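No experiment lies behind these values; they were computed from the predicted model shown. All heavy atoms count here, side chains included; hydrogens, waters and symmetry mates do not. Note on naming: letters A, B, ... go to the chains in the order of the sequence lines (proteins, then strands), and numbering restarts at 1 for each one.
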There are 2 protein chains.
Amino acid sequence: MSMDAVFKALADASRRQLLDRLHDRNGQALGELCEGLKMSRQAVTKHLAILEGANLVATQWRGREKLHFINPVPINDIAERWIGKFERGRLAALSALKKNLEREKP
Amino acid sequence: MSMDAVFKALADASRRQLLDRLHDRNGQALGELCEGLKMSRQAVTKHLAILEGANLVATQWRGREKLHFINPVPINDIAERWIGKFERGRLAALSALKKNLEREKP
DNA sequence: TTGACAGGCAACCAAATAGTTGCATATTTC
DNA sequence: GAAATATGCAACTATTTGGTTGCCTGTCAA
C-alpha cells in the first residue's frame with residue numbers, strides 16, 4: 001500500500017473528479033461514471049485503474065457491469081501520517097506567533 | 001492559489017522529501033537542501049520552483065544564499081476542504097457499520 | 001440465437017515531466 | 001581585484017502520462 005501511488009493518483013484533476021462522483025453516489029458502473037465527461041470511456045478506464053491501483057477505489061462485477069466503490073482509508077492515512085505532521089508544525093507556528101503578539105502587546 | 005498545483009507538487013517523492021527536510025529544519029539554502037541527494041543541484045532547483053509555485057515553499061535571499069521556508073497553509077487547506085469531505089464519508093460508513101452490528105447482535 | 005449493451009485489451013501519439021550538462025551572474029573572501 | 005562560492009538560465013534528452021482509435025469478449029434480452 002504505497003503512499004506514493006496515492007499521491008500520484010490524487011495528482012490528476014480528472015481522477016479527483018471521479019472520486020468526487022463516487023463520493024456523490026457510490027457503486028457506479030463505468031458507463032455511469034463516463035456520462036457528461038469530455039474524455040473517452042477508455043481514458044476513464046485508465047484513470048479508474050490507477051485509482052484502483054492506489055487502493056482508492058474497489059470494484060465488483062454485477063453481470064456485465066463493473067461497479068466502483070470509493071475507499072477513503074488511504075486518504076485518511078495520508079491525512080494522519082503525512083499532513084498531520086505539517087499541521088502540527090503550523091499550529092506550533094501559530095502558537096509562537098501568538099506568544100510574540102502577547103509579549104509585544106502592552 | 002490553485003489546489004491542482006498543490007496536488008501536483010505533492011505527487012513527486014523527491015519534492016515530498018524536500019518538504020520533509022524543510023520540516024526538519026526550516027530556512028535552508030539550496031546548497032544545504034542538495035546535500036546527500038542523488039540528483040543534481042539543478043534538479044533540486046526545479047523541484048523547489050514547483051513547490052514555490054504551489055505556494056508550499058517561500059524563499060528569501062540572504063546575500064548569495066537563497067533560503068527556503070515551508071508554508072503549511074496549502075496543505076492544511078487540502079486537508080480541510082478536500083480530505084475532510086472523504087473523512088466524513090468514512091466516519092458515516094463506520095457509523096452505519098456499527099449500527100448494523102448492533103442490530104444483528106442479539 | 002441474434003443483436004445490443006458493457007467493458008477489456010493493445011497499439012499508437014502528443015504533451016508533460018524529471019533529469020542532465022554547460023555556461024552565465026552575483027556575492028563573498030582573500 | 002581575483003578566486004571561490006551560491007545560484008540562475010537555457011538547451012537538450014529520455015521517460016512517463018493522458019489521451020485516442022480499433023477491435024475483441026462476455027452478458028443480457030427480444
Exercise. Counting N and O atoms only, with roles assigned by atom type, does the side chain of B:N71 sit under 3.5 Å from a partner on the main chain of B:A58, one being a donor and the other an acceptor?
Worked result: no
Exercise. Taking CD1 from A:I50 and P from C:dG8, how many angstroms apart are they, rounded to a whole number?
Worked result: 14 Å
Exercise. Just how far, in rounded Å, is C1' of D:dG8 from CG of B:L48?
Worked result: 13 Å
For this session: Check whether any side-chain heavy atom of A:I70 sits under 4.5 Å from a side-chain heavy atom of A:L19, and report yes or no.
Result: yes
For this session: Would you tell me if any nitrogen or oxygen in the side chain of B:K66 comes within less than 4.0 Å of OP1 or OP2 on D:dG8?
Result: yes
For this session: Find the distance B:W61:CH2 to D:dT5:P and express it as a whole number of Å.
Result: 17 Å
For this session: For A:Q28 and C:dA6, give me the distance from atom CD to atom P, rounded to whole Å.
Result: 14 Å
Problem set entry | Value rounded to 0.5 Å, distance of CG in A:L67 from CG in A:L30 | 10.5 Å
Problem set entry | Interatomic distance, B:I75 atom CD1 to B:L10 atom CG [nearest 0.5 angstrom] | 5.5 Å
Problem set entry | Gap between atoms CG and C1', on A:L33 and C:dA6 respectively (whole Å) | 13 Å
For this session: Starting at atom NZ of A:K8, determine the distance to atom C1' of C:dA16, rounded to an integer number of angstrom.
Result: 14 Å
Exercise. Between atom CD of A:E32 and atom CZ of A:R21, what is the distance when rounded to the nearest 0.5 Å?
Worked result: 10.0 Å
Listed pairs under 3.5 Å, donor-acceptor, residues 34-51 of chain A side chains, sequence neighbours left out:
| unit_1 | atom_1 | unit_2 | atom_2 | d |
| --- | --- | --- | --- | --- |
| A:S40 | OG | A:A43 | N | 3.2 |
| A:T45 | OG1 | A:R41 | O | 3.0 |
| A:H47 | ND1 | A:R15 | NH1 | 3.1 |

Exercise. So how far is it from A:L56 CG to A:L22 CG, rounded to the nearest 0.5 Å?
Worked result: 10.5 Å
Exercise. Quick one: on DNA chain D, does A:V44 or B:L67 contact a more 5' nucleotide (nearest heavy atom)?
Worked result: B:L67
For this session: Look at the side chain of B:R15 and decide which nucleotide, out of C:dG8, D:dG18, C:dA18, has an atom nearest to it.
Result: C:dA18
For this session: Sugar-phosphate means primed atoms, P, OP1 and OP2; the rest is base. With that split, encode nucleotides 19-30 of chain C 5' to 3' as B, S or - using protein heavy atoms under 4.0 Å.
Result: BBBB----BB--
Problem set entry | Rounded distance in Å - CD (B:E35) to P (D:dT7) | 10 Å
Exercise. Rounded to whole angstroms, how far apart are CG on B:L10 and P on C:dA18?
Worked result: 12 Å
